[in-house]
Amino acid sequence: QMRLVESGGGSVQAGGSLRLTCTASSDVVTVYHMAWYRQAPGKQRELVASIGSIGTDDITTYSESVKGRFTISADGAKNTVWLQMNSLTPADTAVYYCNADGRTQTGILRGPERWGQGTQVTVSS
């Protein structure tokens, strides 16, 4: 089983909304940082949003193209992370991937373990 699983993708019309969810499996005992990436056809994968912690505060970042439209959030342990996507446009069409910096009881997540399988988002005009 994948350690990170995305869900919530689908097809919507421009102006619509979707909420993506990324859930870490039970063997991921600590998540330090979580991010959403996306990859559109013919383009490289790009960072969309991220959430991490500084002290007790969660810090979020966004790419300029989604700022003001997308919101990333997480539960206290960051075992579940959401991406609320509003005012979607066709340019948002892509496969969206969850990426995590964390660890299991065995060790830190490495390479492919840090990525989910992706969920397709398609926005029609």
Side-chain angles (χ1 to χ4, degrees):
Q1 184 181 357
M2 298 290 182
R3 287 188 166 90
L4 301 172
V5 179
E6 304 97 333
S7 63
S11 298
V12 298
Q13 295 187 61
S17 298
L18 287 172
R19 190 191 191 198
L20 307 183
T21 301
C22 176
T23 301
S25 61
S26 60
D27 61 334
V28 179
V29 298
T30 305
V31 176
Y32 307 115
H33 182 267
M34 194 79 84
W36 286 98
Y37 288 75
R38 68 185 181 188
Q39 187 165 19
K43 295 186 177 181
Q44 293 186 317
R45 192 170 299 183
E46 64 174 339
L47 177 64
V48 176
S50 67
I51 185 166
S53 297
I54 299 179
T56 59
D57 297 326
D58 285 334
I59 306 300
T60 58
T61 66
Y62 300 93
S63 68
E64 288 297 320
S65 63
V66 308
K67 189 177 299 182
R69 299 187 297 120
F70 291 9
T71 303
I72 188 170
S73 59
D75 65 5
K78 298 185 180 63
N79 289 311
T80 300
V81 179
W82 299 271
L83 184 67
Q84 180 65 46
M85 309 164 66
N86 298 326
S87 301
L88 287 163
T89 75
D92 296 315
T93 295
V95 177
Y96 285 71
Y97 297 91
C98 178
N99 174 272
D101 180 10
R103 64 173 294 119
T104 67
Q105 292 184 348
T106 303
I108 62 172
L109 298 176
R110 298 180 182 274
E113 296 178 330
R114 299 184 61 186
W115 296 93
Q117 83 289 348
T119 185
Q120 176 72 50
V121 172
T122 302
V123 185
S124 60
S125 60

Check side-chain hydrogen bond (donor to acceptor under 3.5 Å, both in side chains) between Thr61 and all other residues, then give those that pass, not counting sequence neighbours. Ser50
Check this for me: does any side-chain nitrogen of one of Glu113 and Arg110 sit under 4.0 Å from a carboxylate oxygen of the other? no
Minimum-distance pair of heavy atoms, taken over all atoms of [X] and [Y]:
| X | Y | answer |
| --- | --- | --- |
| Ala100 | Leu4 | CB-CD1, 3.6 Å |
| Ala74 | Val81 | CB-CG2, 3.8 Å |
| Arg69 | Leu88 | NH1-CA, 3.9 Å |
| Gly102 | Tyr32 | CA-CD1, 3.8 Å |
| Thr104 | Val28 | CG2-CA, 4.3 Å |

Please round to the nearest 0.5 Å and tell me the distance separating atom [atom1] of [X] and atom [atom2] of [Y].
| X | Y | atom1 | atom2 | value |
| --- | --- | --- | --- | --- |
| Gln84 | Leu18 | CD | CG | 8.5 Å |
| Ser7 | Arg19 | OG | CZ | 10.0 Å |
| His33 | Asp58 | NE2 | CG | 10.5 Å |
| Ile108 | Asp101 | CD1 | CG | 7.5 Å |
| Ile72 | Thr60 | CD1 | OG1 | 7.5 Å |
| Tyr62 | Leu83 | OH | CG | 7.5 Å |

Look at the side-chain heavy atoms of Ile, Leu, Val, Met, Phe, Trp and Tyr, link any pair under 4.5 Å apart, and say whether Leu20 and Val5 land in one connected group. no
Look at the side chain of [X] and the backbone N and O of [Y], then say whether any donor-acceptor pair between them is shorter than 3.5 Å.
| X | Y | value |
| --- | --- | --- |
| Thr122 | Thr93 | no |
| Arg38 | Val95 | no |
| Glu6 | Gln117 | yes |

With heavy-atom distances below 4.5 Å as the criterion, would you say the side chains of Asp27 and Gln105 are in contact? no
Pairwise ring pair (Phe, Tyr, Trp, His ring centres under 6.0 Å) hits with a residue in residues 66-94, at least two apart: none
Ring pair (Phe, Tyr, Trp, His ring centres under 6.0 Å) contacts touching residues 97-125 (sequence neighbours left out): Tyr37-Trp115
